[in-house]
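Notes to accompany the following structure.
Chain letters run A, B, ... following the sequence lines, proteins first, then strands; residues in each count from 1.
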Amino acid sequence: MKIYNTLTKSKQEFEPLEPGKVKMYVCGPTVYNYIHIGNARPMVVFDTVRRYLEYKGYEVTYISNFTDVDDKIIQRAIEEGTDADTISKRYIIECKKDMEGLQVRPATIHPLATEEIPGMLEMIQTLIEKGYAYAASDGTVYYRTRKFQEYGKLSHKNIDDLQAGHREIKVTGSEGKEDELDFVLWKPKKEGEPYWTSPWCDGRPGWHIECSVMAKKYLGEEIDIHAGGEDLIFPHHENEIAQSEACNGKQFAKYWMHNAFLNIDNKKMSKSAGNFFTVREISEKIDLQVIRFFILSAHYRSPLNFSAELVEASKNGLERIITAVEHLNYLLENAQNKVITEEEKEKLIQTEAFVRKYETAMEDDFNTADAIAALFELVKYSNTNTSSENTKEYLQILKKKILILCEILGIVAEKETCDLDTEIEALIAERTAAKKEKDFARADAIRSQLLEMGIILKDTREGVQWKRK
RNA sequence: GGCGCAGUAGCCAAGCGGUAAGGCAAUGGUCUGCAACACCAGUACGCACCGGUUCAAAUCCGGUCUGCGCCUCCA
């Protein structure tokens with residue numbers, strides 16, 4: 001299995017630190033509002049990575065944090081006349097709801113920054129002791145960026161270029177810094193803000209230190225995969241490396257994975273441009289599973305454009321897969337309980353090619369677009385190689401194959417079979433009778449009536465199928 | 001200014017040296033009372049443009065054009 005590593009700018013064979021186990025850390029959202037559609041991309045993408053690793057038999061420890069103390073949260077709290085804790089707790093709950101809709105499985109642990117302050121104080125202290133950090137006169141603690149020789153190795157930046165860039169857009173409030181590149185590990189509180197006591201001042205942690213500490217606490221000093229959006233490469237992940245490696249003296253993460261951005265109508269999403277969408281508002285119009293399928297329809301390192309018609313195309317494509325599974329279920333209801341035939345066995349062997357194609361795609365840096373193509377080929381094969389003549393066993397195995405490939409992508413292709421609604425069944429029977437008597441007006445009336453109830457009918461060769469909208 | 005990415009049919013999107021996957025949409029057909037589903041058929045003499053390397057290039061190299069990202073809170 002190959003993974004593109006931002007650190008080396010190349011695809012590398014994946015070799016976990018410990019055989020059979022994978023330690024994975026994915027930077028989570030800052031919870032000051034509902035998550036937006038852009039936040040959904042890394043969640044879906046890395047959840048899929050996790051699912052595939054588990055499919056391959058790895059035991060995955062998946063850690064994803066919630067940043068629950070931050071300027072934006074505090075600002076939101078002030079606006080609403082409440083406290084930061086209320087805001088963050090509320091949006092963590094809402095975020096989890098959205099994740100559920102997107103079929104993103106909960107992480108092994110979702111640590112909260114505010115609950116990891118002791119670890120942060122400890123790491124900052126160690127960095128100060130090792131000479132990698134210093135406290136300014138106002139109590140702010142800075143990281144001594146130039147002291148870390150390898151600074152820039154992830155983002156492939158030259159430290160001197162960085163400084164030149166900084167001069168142009170110099171920010172105020174950095175008087176206590178020894179060097180403009182130094183970044184904050186701990187900052188003093190302002191009036192009314194949440195704070196914790198520390199040896200340097202009452203205050204709160206900088207953003208970067210959180211992830212270094214949480215990764216270390218829950219995964220250890222060395223981890224396999226560290227992931228997030230590409231915008232995090234610099235400075236967030238670069239700074240994490242500086243902190244963790246200076247503190248622990250070991251390579252922090254072996255593989256760094258970054259997803260590209262999701263744009264809206266070919267433009268970067270932003271509130272000012274008026275093209276900002278939360279997952280919540282999208283979920284009111286579209287099944288979030290469609291959004292998930294849409295996100296996976298492109299490779300995670302390519303920019304992805306989001307628009308109504310593109311989502312519509314994904315919806316139709318996904319429908320094709322679901323229809324195929326429904327059809328198999330329909331056939332299974334009346335299938336014969338005989339021994340699988342030689343011909344059927346032969347056909348099942350042929351489907352292995354699609355499974356292999358799927359796996360090959362996933363093994364190549366999680367090429368979900370190609371994997372989906374293989375899935376579609378399997379679906380087509382299923383559509384053309386099944387009938388009411390087939391045995392239960394054959395149909396069951398075929399269905400299972402489709403379902404497993406869907407499962408890795410987080411696609412639920414089979415809705416729980418609800419109890420047959422007697423009213424619906426009765427209407428369908430009535431319609432069938434009407435059709436027999438060539439009373440098509442009555443038949444169509446019943447079909448419209450069912451449609452209003454959210455039931456879609458299909459007259460197949462094998463009989464009438466129905467499904468909920 | 002520095003660093004980097006991308007340009008493949010109407011749309012989306014794989015392919016990354018061996019002669020263009022897959023999906024959506026559209027068209028014609030099979031099936032069907034109609035519809036829906038499904039299936040079948042054709043659908044890029046060509047992969048932004050110009051050169052070069054090679055027996056062979058969408059794939060490698062050089063240049064041009066266009067779009068985009070990061071360098072600053074940001075998935």
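Mapping His299(A) and Glu309(A) onto RNA chain B via the closest heavy atom, the residue that lands nearer the 5' end is Glu309(A). Between Tyr32(A) and Val379(A), the one whose closest nucleotide on RNA chain B sits nearer the 5' end is Val379(A).
Residue Lys438(A) is out of contact with every strand shown, counting any heavy-atom pair closer than 4.0 Å. At the heavy-atom level, Glu230(A) lies under 4.0 Å from the strands shown only through sugar-phosphate atoms. Within the 4.0 angstrom heavy-atom criterion, base atoms lie near Gly38(A). Among the protein residues, Ser314(A) comes within range of no part of the nucleic acid, since none of its heavy atoms lies under 4.0 Å from any strand. Within 4.0 Å (heavy atoms only), Ala313(A) reaches sugar-phosphate atoms of the nucleic acid but no base atom. Using a 4.0 Å heavy-atom distance criterion, Ile233(A) is classed as making no nucleic acid contact. Residue contacts for Asp370(A): at a heavy-atom cut-off of 4.0 Å it reaches a base atom on one of the strands shown.
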For this session: Walk me through it: do Phe277(A) and His36(A) pass the test ring-ring contact (aromatic ring centres under 6.0 Å, His included)?
Result: CA-CA 6 Å; Phe277(A) 297 103; His36(A) 60 252; over 10 Å; no
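Within a 6.0 Å radius of CD in Gln396(A), other residues, nucleotides and ligands contribute more than 12 heavy atoms. Around the CD atom of Glu352(A), the shell of radius 6.0 Å holds more than 12 heavy atoms that belong to other residues, nucleotides or ligands. The number of heavy atoms from other shown groups lying within 6.0 Å of CZ (Phe376(A)) is above 12. Counting non-hydrogen atoms of neighbouring residues, nucleotides and ligands closer than 6.0 angstrom, the CD atom of Glu281(A) exceeds 12 such neighbours. Annotation: Glu80(A), atom CD; neighbour count of heavy atoms from other residues, nucleotides and ligands within 6.0 Å is above 12. With a 6.0 Å radius and a threshold of 12 heavy atoms from other residues, nucleotides or ligands, Lys392(A) has its NZ atom above the threshold.
Across C60(B) and C24(B), the matching C1' atoms stand 33 Å from one another, rounded to whole Å. Between G7(B) and U59(B), the distance separating the two C1' atoms is 14 Å to the nearest Å. Only the C1' atoms considered, A20(B) is 8 Å distant from A44(B), to the nearest whole Å. Spacing of C1' atoms, C50(B) relative to C65(B), comes out at 10 Å, to the nearest Å. Spacing between G17(B) and A56(B) at atom C1', rounded to whole Å, works out to 8 Å. Rounded to the nearest Å, the gap between the C1' atom of A48(B) and that of C39(B) is 37 Å. To the nearest whole angstrom, the two C1' atoms, one in C71(B) and one in G15(B), are 32 Å apart. Atom name P, nucleotides C16(B) and G22(B): the rounded distance is 16 Å, in whole Å.
Listed nucleotides: C74(B), C71(B), G33(B). Nearest to the side chain of Asp444(A): G33(B). In this structure, the nucleotide among A21(B), C37(B), C70(B) sitting nearest to the side chain of Phe234(A) is C70(B). Here C73(B) is the nucleotide among C11(B), G33(B), C73(B) with the atom lying nearest to any side-chain atom of Lys72(A). Taking the side chain of Glu377(A) as heavy atoms from C-beta on, and the options A75(B), A14(B), A21(B), the nearest nucleotide is A21(B). Nearest to the side chain of Lys9(A), among G4(B), A35(B), G33(B), sits G4(B). The Lys157(A) side chain lies nearest to G2(B) when the options are C34(B), G2(B), G23(B). For Lys268(A), the listed nucleotide lying nearest its side chain is C74(B); candidates were A75(B), C34(B), C74(B). Counting only heavy atoms from C-beta on, Asn259(A) has its side chain closest to A75(B) among C73(B), A35(B), A75(B). When distances are taken from the side chain of Leu310(A) to each of C12(B), C24(B), C70(B), the shortest belongs to C12(B). Checking A14(B), G33(B), G4(B) against every side-chain atom of Ser302(A), the shortest atom distance belongs to A14(B).
Contact between the side-chain N/O atoms of Asn383(A) and the OP1/OP2 oxygens of C39(B) is found at a separation under 4.0 Å. Dashed line: the shortest gap from a side-chain N or O of Arg301(A) to OP1 or OP2 of C5(B) is not under 4.0 Å. OP1 or OP2 of C68(B) has not a single side-chain nitrogen or oxygen of Lys267(A) nearer than 4.0 Å. Regarding contacts with the backbone of G15(B), a side-chain N or O of Asn367(A) is found under 4.0 angstrom from either OP1 or OP2. Taking side-chain N and O atoms only, Arg442(A) has no distance below 4.0 Å to OP1 or OP2 of C34(B). Here Asn316(A) reaches the OP1 or OP2 of A25(B): one of its side-chain N or O atoms lies under 4.0 Å away.
Atom CD of Glu452(A) and atom CZ of Arg447(A) lie 13.5 Å apart (nearest 0.5 Å).
Here the P atom of nucleotide C70(B) and the NE2 atom of His236(A) are 16 Å apart, to the nearest Å. Rounded to an integer number of Å, the gap from CG of Asp365(A) to C1' of C16(B) is 14 Å. Taking atom CG on Asp439(A) and atom C1' on G33(B), their separation rounds to 12 Å, with Å as the unit. Separating the OH atom of Tyr300(A) from the P atom of C12(B) is a distance of 23 Å, rounded to the nearest angstrom.
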Where do N or O atoms of nucleotides 40-42 of chain B meet protein N or O atoms at under 3.5 Å, pair by pair?
{"residue": "C40(B)", "atom": "OP2", "partner": "Lys380(A)", "partner atom": "NZ", "Å": "3.1"}

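With a cut-off of 3.5 Å on both pairing distances, the Watson-Crick or G-U wobble partner of C3(B) is G69(B).
A salt bridge does not link Lys380(A) to Glu377(A): none of the charged nitrogens lies less than 4.0 Å from a carboxylate oxygen.
Taking the six-membered ring for Trp and thresholds of 30 and 60 degrees, Tyr143(A) and Phe183(A) have nearly parallel ring planes, at less than 30 degrees apart.
No donor-acceptor pair under 3.5 Å is formed between the side chain of Glu13(A) and the backbone N or O of Lys2(A).
In this structure, the aromatic ring of Phe376(A) is not positioned over the six-membered ring of the base of G22(B) within 5.5 Å between centres and 30° between planes.
Contact annotation: side chain of Arg320(A) to base of A38(B), donor-acceptor pair absent below 3.5 Å.
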